[in-house]
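Written out below as structure tokens is the structure these notes cover.
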Amino acid sequence: MAIRNKATGLLAIAAGLFLASATVASAFTACQVTDTGGIDDNSFNQTAWKGVLDAKEKLGIEGRYLESQAETDYEANINSLLGGNCDVIITVGFLLGDATKKAAEANPDQKFSIVDYAYDPAVPNILGQVYATDEAAFLAGYLAAGMSKSGVLGVFGGINIPPVTIFMDGFHAGAAYYNEQKGASVTVLGWDPKAREGLFTNNFDSLDDGRAFAQNLYDEGADIVLPVAGPVGLGSATLAAELGTDKLKIIGVDADLYLTDPERKQVYLTSVTKRMDATVFDVIKQAMDGKFEGGILLGSLANGGVDLAPFHDMEDAVPAELKQELEAIRAGIVDGSIKVAPK
Amino acid sequence: MSDSKTDIVIQNLLKRAAPGRGEFEDLVIVPLFAVVAALVLGALTMLATSVEPATIARSYLALLQGSVGSLNAISETLTAAIPLILAGLGLALGFRAGLFNIGAEGQILMGGMAAVITGFSFPFLPVYLLLPLCLLSGALVGAFYAGIAGWLRAATGAHEVISTIMLNLISYRLIDYMLRLPFVQREGRSDPISKSVPDHAQLPELLDWIDPNLRLHAGLFLALAAVLFVYWLLFRTKIGFEFRASGASPDAARFAGMRSGLTIVLAMASAGALAGLAGSVQVLGVLERVTPGFSAGIGFDAIAVALLGRSHPFGVLLAGLLFGALEAGGRQMQVDAGVSIDLIGIIQALIIVFIAAPLLVRALFPWGFRKPATAKGK
């Protein structure tokens with residue numbers, strides 16, 4: 001009798017386990033591998049992860065993530081998400097490009113999507129999410145040139161890779177456009193669009209570097225700085241908070257940093273937003289609906305994939321005239337009459 | 001068998017394995033309890049950060065699954081352990097000679113860089129020449145880089161802790177600089193990344209015939225051979241005896257006629273060669289190229305591996321496997337339970353704290369040390 005009870009018990013447990021695994025298997029699972037900034041960087045990786053969180057809420061999917069702590073983790077992290085548990089694997093960042101391609105070619109049935117990388121020729125099971133960030137950064141450059149008292153703007157990047165330098169190109173071109181229109185002579189420190197050289201921290205995680213680089217630019221006269229390096233910019237924001245916004249303002253990147261970094265929100269003039277959350281959400285939806293195809297998904301000013309965040313506390317500080325000009329430029333960029341590419 | 005009889009047998013075994021019972025306790029029981037205590041404290045840390053008990057249980061299960069639960073898990077554990085074992089052996093060698101070398105990170109970077117440059121510079125060589133040449137150049141450059149610190153110590157008395165830390169910082173910038181050189185940087189890229197080594201300069205993957213995702217490579221054999229070699233070097237050769245003698249008592253070694261300066265330089269250089277080999281194996285077996293962060297803290301984790309392994313080659317082997325398992329399992333922990341990967345860092349740090357303070361472990365587990373026999377059976 002006792003043995004029989006035990007057997008029934010085991011059967012019940014086995015059935016329970018089976019049911020549990022069955023329900024787990026039925027939920028659509030999106031898995032994400034972050035870059036080295038970490039999932040809570042208030043900017044790049046966090047914005048991409050928000051896309052999964054939104055999908056979790058609205059589409060009822062499961063979401064998992066793996067943080068890369070070093071560049072050596074990329075392959076290993078992608079590897080541990082393989083094996084059929086993820087319906088789509090989303091890798092976040094240009095630097096994961098090689099590792100993603102390698103894994104996609106070894107596992108042709110696994111759907112991949114990568115933020116900030118486009119393959120040429122396209123890989124059939126990778127959907128690249130790329131952004132015309134220079135369009136929004138152009139607006140930021142024009143705005144900053146109009147707001148600067150010293151006539152000097154600063155910019156620095158994380159690593160000299162296309163998704164970073166495209167911000168710097170647009171920012172530089174926007175300031176140059178302002179000079180052209182107004183006969184002004186605002187200079188941009190930290191990036192030379194012709195030589196493709198500039199200031200780079202060579203990492204995406206050191207807040208100390210963010211502070212030091214902003215300090216250097218400030219010492220050279222810059223009163224508005226655009227740090228394009230994910231969480232590194234938080235170090236720059238700390239400096240601006242200490243100096244006061246009269247002396248130094250920061251322009252955020254990726255997310256609206258006024259919202260994601262409430263401790264230092266007053267230092268942000270605006271943010272150049274890159275709506276990775278929207279494109280990640282789209283990718284997940286496409287994969288769920290069976291419409292997933294390899295190729296490119298482009299976010300631009302026209303479709304809201306990139307944009308300039310609201311001015312929030314600085315709303316009154318920005319002259320109405322400048323706001324109108326920005327609206328006109330935005331329309332010009334969208335209809336193609338204003339070119340944002342560096343001259 | 002009665003308790004007293006077991007006791008005698010164990011005592012006899014111990015006499016042969018180690019000079020004293022205290023040493024056996026230090027070698028085996030302290031690390032064992034350190035791991036257990038760290039896991040328990042890790043669970044408490046999770047509780048304190050309001051992680052549910054069920055999630056904690058799930059995360060430790062994931063840690064086990066991700067480290068030894070499948071072929072892929074074992075492959076990942078070994079892949080992560082290989083460079084840790086190699087670099088850890090180098091550090092253990094230094095510790096035995098009384099040198100506290102913090103510079104493995106820099107030696108890994110320089111060694112890996114040398115191996116990659118050799119790899120893409122001589123693509124016309126056949127595999128049986130190119131691969132050994134890459135490994136050799138990595139080891140030699142690592143040895144040279146560590147030898148600088150050894151020479152500074154021997155010639156000027158500059159403490160190796162300071163000089164190796166400084167050499168680490170120099171190596172970071174040196175790698176940044178070298179990755180911008182046109183003959184190193186990959187074509188068409190403006191970020192610091194080197195050219196890839198040709199396929200036939202890469203360490204062959206051992207299990208790719210089962211599944212192309214299994215990353216375990218032939219560096220494993222190199223690591224095992226290095227364990228045996230270091231054991232032989234330390235305990236079976238004259239130079240190894242000199243290392244150990246100058247580590248145990250520099251004055252006595254000098255009065256016995258050993259050339260302390262040469263011993264220091266040689267010990268540092270051998271440590272550097274092993275660390276350089278670790279870097280080479282990492283780039284030739286896993287990464288195929290150099291980027292600024294490719295050492296990924298292996299040189300610092302290896303210090304913990306050497307300490308946990310009590311600077312014994314076989315201890316280092318086991319400690320390296322443990323740290324490799326923690327790394328591979330940590331990933332699974334994050335995927336399955338959503339627990340932050342930083343927690344693995346905390347557990348590793350706790351293990352080191354307990355290893356560094358054997359008295360603390362003895363105080364925590366007093367019953368473990370009065371009767372080694374029962375503790376061992378546990």
Side-chain angles (χ1 to χ4, degrees), chain A residues 24 29 31-36 38-40 62-86 89 94-95 97-99 102-103 105-108 110 120 157-165 195-198 200-206, chain B residues 62 65-67 70-73 75-77 79-80 83 112 172-173 175-177 179-180 185-186 188-193 196 208 211-215 282-283 286-298 324 327-338 340-342 344-345:
Chain A
V24 167
T29 307
C31 304
Q32 196 155 60
V33 178
T34 77
D35 207 336
T36 52
I39 199 94
D40 50 358
E62 287 281 321
R64 293 171 174 187
Y65 70 89
L66 258 178
E67 282 185 63
S68 303
Q69 295 188 307
E71 290 187 28
T72 40
D73 289 346
Y74 297 156
E75 242 182 78
N77 281 352
I78 295 173
N79 215 345
S80 46
L81 292 175
L82 293 168
N85 291 323
C86 302
I89 297 177
F94 178 84
L95 294 175
D98 290 344
K102 197 172 162 190
E105 281 170 350
N107 303 277
Q110 171 71 52
D120 185 26
I159 297 180
N160 192 343
I161 48 175
V164 168
T165 53
R196 315 302 298 165
E197 293 282 346
F200 292 95
T201 56
N202 279 331
N203 67 68
F204 286 114
D205 40 40
S206 166
Chain B
Q65 247 166 17
S67 52
S70 66
L71 191 59
N72 186 40
S75 154
E76 285 296 322
T77 295
T79 309
Y172 299 154
R173 296 289 89 88
I175 293 287
D176 278 352
Y177 167 75
L179 288 176
R180 305 284 309 221
Q185 194 170 26
R186 185 179 298 185
R189 292 283 287 262
S190 44
D191 54 321
I193 181 168
S196 293
D208 61 345
D211 177 350
N213 296 319
L214 297 172
R215 303 193 304 156
Q282 194 68 355
V283 291
V286 179
L287 302 167
E288 301 161 23
R289 58 184 170 55
V290 168
T291 49
F294 90 88
S295 53
I298 290 169
E327 195 181 320
R331 268 182 235 125
Q332 201 65 36
M333 221 165 137
Q334 203 178 9
V335 177
D336 281 3
S340 168
I341 194 102
D342 296 326
I344 287 294

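In what follows, every chain begins at residue 1, and chains take the letters A, B, ... in the order their sequences are listed.
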Practice task
Sort N203(A) into side chain, backbone, both or neither according to what part of it lies under 4.5 angstrom from a heavy atom of chain B.
Solution key: neither

Handout entry: Y74(A) portion near chain B, given a 4.5 angstrom heavy-atom threshold
Key = neither

Problem - D211(B) versus chain A, the contacting section by heavy-atom distance below 4.5 Å - result: neither

Exercise for the section: Flag the one option from T165(A), T36(A), D98(A) with the top tally of heavy-atom pairs under 4.5 Å to chain B. Expected result: D98(A)

Practice task
Output yes when a side-chain donor or acceptor of Q185(B) lies under 3.5 Å from a complementary backbone atom of D191(B), and no otherwise.
Solution key: yes

Problem - Residues that S190(B) engages under side chain to side chain contact (heavy atoms under 4.5 Å, CB included), provided they are two or more places apart - result: N160(A)

Exercise for the section: Quick one: pull up CD in E75(A) and NZ in K102(A) and give me the separation to the nearest 0.5 Å. Expected result: 4.0 Å

Completion exercise
Scored by heavy-atom pairs under 4.5 Å with chain B, the best of T72(A), L95(A), D73(A) is T72(A)

Practice task
Answer yes if the side chains of R215(B) and S75(B) hold a donor-acceptor pair under 3.5 Å, and no otherwise.
Solution key: no

Can you give each donor-acceptor pair under 3.5 Å made by side-chain atoms of residues 77-86 of chain A, sequence neighbours left out, with the distance rounded to 0.1 Å?
unit_1: N77(A); atom_1: OD1; unit_2: R331(B); atom_2: NE; d: 3.4
unit_1: N77(A); atom_1: ND2; unit_2: E67(A); atom_2: O; d: 3.3
unit_1: N77(A); atom_1: ND2; unit_2: S68(A); atom_2: OG; d: 3.2
unit_1: N79(A); atom_1: ND2; unit_2: E76(B); atom_2: OE2; d: 3.0
unit_1: N79(A); atom_1: ND2; unit_2: N213(B); atom_2: O; d: 2.9
unit_1: S80(A); atom_1: OG; unit_2: A76(A); atom_2: O; d: 3.2
unit_1: S80(A); atom_1: OG; unit_2: N77(A); atom_2: O; d: 3.1

Fill in the blank from the handout: One option among I161(A), L66(A), I159(A) has the most heavy-atom pairs under 4.5 Å with chain B, and it is L66(A)

